[in-house]
Amino acid sequence: MSWRGRDVVSMRDFSRKDLEVLFEKAREMERYARSGLDVLRGKIMAVAFFEPSTRTRLSFETAMKRLGGNVIGFSSAEGTSVEKGETFSDTIRMLDAYADVIVVRHKLEGAAKLAAEIAQSPVINAGDGSFNHPTQAMLDLYTIWREKGKVDGLRIGVMGDLKYARTVNSLLEGLALFDVEVALISPEFLRPRQETLDYIQSRGLRYEFYSRLDEVLGELDVLYVVRIQKERFLDPLEYERVRGSYRLTAESLRGAKDGLIVLHPLPRVDELDPSVDGTRHAAYFRQAAYGVPLRMALLSLILT
Amino acid sequence: MSWRGRDVVSMRDFSRKDLEVLFEKAREMERYARSGLDVLRGKIMAVAFFEPSTRTRLSFETAMKRLGGNVIGFSSAEGTSVEKGETFSDTIRMLDAYADVIVVRHKLEGAAKLAAEIAQSPVINAGDGSFNHPTQAMLDLYTIWREKGKVDGLRIGVMGDLKYARTVNSLLEGLALFDVEVALISPEFLRPRQETLDYIQSRGLRYEFYSRLDEVLGELDVLYVVRIQKERFLDPLEYERVRGSYRLTAESLRGAKDGLIVLHPLPRVDELDPSVDGTRHAAYFRQAAYGVPLRMALLSLILT
Amino acid sequence: MSWRGRDVVSMRDFSRKDLEVLFEKAREMERYARSGLDVLRGKIMAVAFFEPSTRTRLSFETAMKRLGGNVIGFSSAEGTSVEKGETFSDTIRMLDAYADVIVVRHKLEGAAKLAAEIAQSPVINAGDGSFNHPTQAMLDLYTIWREKGKVDGLRIGVMGDLKYARTVNSLLEGLALFDVEVALISPEFLRPRQETLDYIQSRGLRYEFYSRLDEVLGELDVLYVVRIQKERFLDPLEYERVRGSYRLTAESLRGAKDGLIVLHPLPRVDELDPSVDGTRHAAYFRQAAYGVPLRMALLSLILT
């Protein structure tokens, strides 16, 4: 299935082949991520960020502008017609009338899907609800592919809040397209929701649960870290007790394979200590930088 | 009188000939509203929105960018030098030094006129005070011309708050340039202010007052709906009593001519029911989409 | 030393020769400040304004866009990842991954210097802390050079809050590169901090203190006015007593040389009366307009 004119709502809509085409294109786009290309001259991307997200928004804007295109829209619902009581549907219809592609960010589950049903222009989900952030997952997978030369055959650890972190759910759905083994490292009550586990199992993804990093660190090729929010814990004392186990430091990486790469969607707070930045394992700043060529590839595949 | 370098402050400054030139240009611009043109490369439009308005601002920005131009400015007074106590005049002088055209939105009557007096660059009024929103009126008239093939000879209903709705006052001033009959449908205390009525009468526009849509619906070719704000009513009970009469639904359109088109400046709240969207009468989404070619025409006529 | 790829953190990093190259380039850029050039096509400037500043931000954006480049970023810390607890360093790293040059504005001293140390892309200080606003000082000096044909040999008065006004400190550091005499006009407790005085003295800049404008007005070729904030005074009565002496009006300019030019960084509140606008001395609106060619020169020298 071609990328042309396609909506990007959920990782589940994409095949392994789709991702391979995307990755090859992104690899090519790295050459133009600084110099720029002129393939989208005259085209307009609308950013409809009902919920703010600096990094995701700016990487999309940078990608569009590096391709010669333009950007309109809003970076938060404040001061928009939404505050005047306009429905989400009407706001999307307006943007659909102006733009060639609409990038939606919303706190509510299903917002991007609804937008895609309403709009004739393709809609890209830049994160909605607690379970979908497909372009971040594509970026995460691209980073693995780019840094390790492949995805198949790797042992991949995912650590932190695996239940409510948007990026984790989409990442697991994406990993299910490859032949990998996943180590799910989290407190028991923050394991991925059953619906996600059923899905990845049905796709044949092998995974095991761990409650501590050191139980599996030595076997990992990739470690993906996300934040655990204190608010998730009913008992603050319980949070204080376990937080250390899910906070990555240079120290806690002792015993890792030489080739282990550490990924993080960013922004980070205290779950990923700056002491890691200096280690050979830190790949998250390169991961962030890949966001531009990856989204350049996405936009050019969808719009040309 | 040529459009070149001209300010757009009030509908009263424009002739029927001016509008005909604008409409022909907008019709031509529809061809480029998606693909884009390159006639304003290197030019800059400043948006000075002291009061937020997503739809008006984004349609201006889209128009400028589709023409190859750039945009600077602010979408609300928040965090601008205005908050540091700078005068409106100094802010306009600053933008005049940077931009080739200034689009002003302000809650106060006369702001655009003052800006036009201060600035050497042309100033476009994107809505100020309660009575002026000329580019919206141009868009409304273009939509009628475009959808019905002409404006002369039509029977046009305007329903809702006709006293305080910016767009209505400018629309009536524009309609006065054509040979039409206007039905003013509103509660008595929300009829257009006397000054407006005197003006359109002096221009020979024929109008009649109605308190209910069903009194005139069957004769209308165009029905323009605007919101009635609860705040306008001294007595909440009175509001509850009449609101139904000024709320358009598919049901309330029974008995309309086949060719009736319903217009609305958008955003809408509850005065225009989604049940109307599916009827043959709904033209307001196309109206919103015409905002881009209409403003492309306006900007290219003024700047080239 | 070449301008190419250079950071602009403090005026102290620049030589007289650097400024002469900049001024010649700015003079050349005046020809393109309206029509635009295409030298930075495909390039991206990030604006990282953790503290809002309409005038500085818009003049940078206008300059970048007139040069054919693009802009991303944020105009205040609100709704950015900073609010999610991201460190300043991580935010700068993100922008460094996306943009070719980063323009930083921050209320804290040293923010731009830190950004320059972190980022590989050149960083431009658009104002940080109380003492550095180098591009404003470059603009001030360019205005003098442009209006008077030279800087050497002039008698330059600086009036207002000379201690806490960012622009004054950078301006004095810049004036120290030329052969001028400076009159420091302020209440005693708002004289420049000792560290600044020691620096300009070490560079051979001659200066004298005055407590009232009329003591020196007749000898001045340039008068640079900055605001005195009421908050600086422990005793409100003291403020009321002296404010008049530091408030410029057409009246208070009686006895000035014919050729005196009055400068102000803008925005102004009441320290510079509108009655001055009409006098032959008012140069501050032209000064503001020079901001575009000056910053076009800066960006093109650094990026090409």
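Note that the coordinates shown come from a computational prediction; the quantities given were computed from them, not determined experimentally. Reminder, nothing fancy here: chain letters follow the sequence lines and each chain counts from 1. All heavy atoms count here, side chains included; hydrogens, waters and symmetry mates do not.
Only the backbone of B:Ala99 comes within less than 4.5 Å of a heavy atom in chain C; its side chain stays farther off. Proximity to chain B (any heavy atom under 4.5 Å) is shown, for C:Ser76, by neither the backbone nor the side chain. Residue contact with chain B, scored on non-hydrogen atoms closer than 4.5 Å, is absent for C:Arg295. Residue contact with chain B, scored on non-hydrogen atoms closer than 4.5 Å, is absent for C:Arg286.
Contacts between residues 47-54 of chain C and chain B, counted as heavy-atom pairs separated by less than 4.5 Å, involve C:Pro52, C:Ser53, C:Thr54.
Within the model, atoms CG of B:Asn70 and CG of C:Asn70 stand 7.0 Å from one another, a figure rounded to the nearest 0.5 Å. The structure places CZ of C:Phe285 at 10.5 Å from CG of B:Asp96, a figure rounded to the nearest 0.5 Å. Atom CD1 of B:Ile44 and atom NZ of C:Lys65 lie 7.0 Å apart (nearest 0.5 Å).
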Original post:
What's the verdict on side chain to side chain contact (heavy atoms under 4.5 Å, CB included) for B:Leu95 and C:Leu58, showing C-alpha distance, side-chain angles and the deciding distance?
Top reply: CA-CA 8 Å; B:Leu95 297 174; C:Leu58 293 185; 3.7 Å; yes

**OP:** Check the pair C:Leu266 / B:Met94 against side chain to side chain contact (heavy atoms under 4.5 Å, CB included), numbers first and verdict last.
**Re:** CA-CA 9 Å; C:Leu266 302 179; B:Met94 163 185 69; over 6 Å; no

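At least one side-chain heavy atom of C:Arg34 sits under 4.5 Å from a side-chain heavy atom of B:Ser121.
More than 12 heavy atoms of other residues, nucleotides or ligands sit less than 6.0 Å from atom CD of B:Glu195. For C:Lys148, the NZ atom sits in a packed shell: over 12 heavy atoms of surrounding residues, nucleotides or ligands are nearer than 6.0 Å.
Ion pairing of C:Arg66 with B:Asp100 is present here, as a side-chain N (NZ or NE/NH1/NH2) and a carboxylate O approach within less than 4.0 Å.
Considering every non-hydrogen atom in both B:Tyr98 and C:Ala288, the closest pair reads CE2-O, 3.9 Å.
Most heavy-atom pairs under 4.5 Å with chain B: of the set C:Pro267, C:Ser35, C:Gly36, this distinction falls to C:Pro267.
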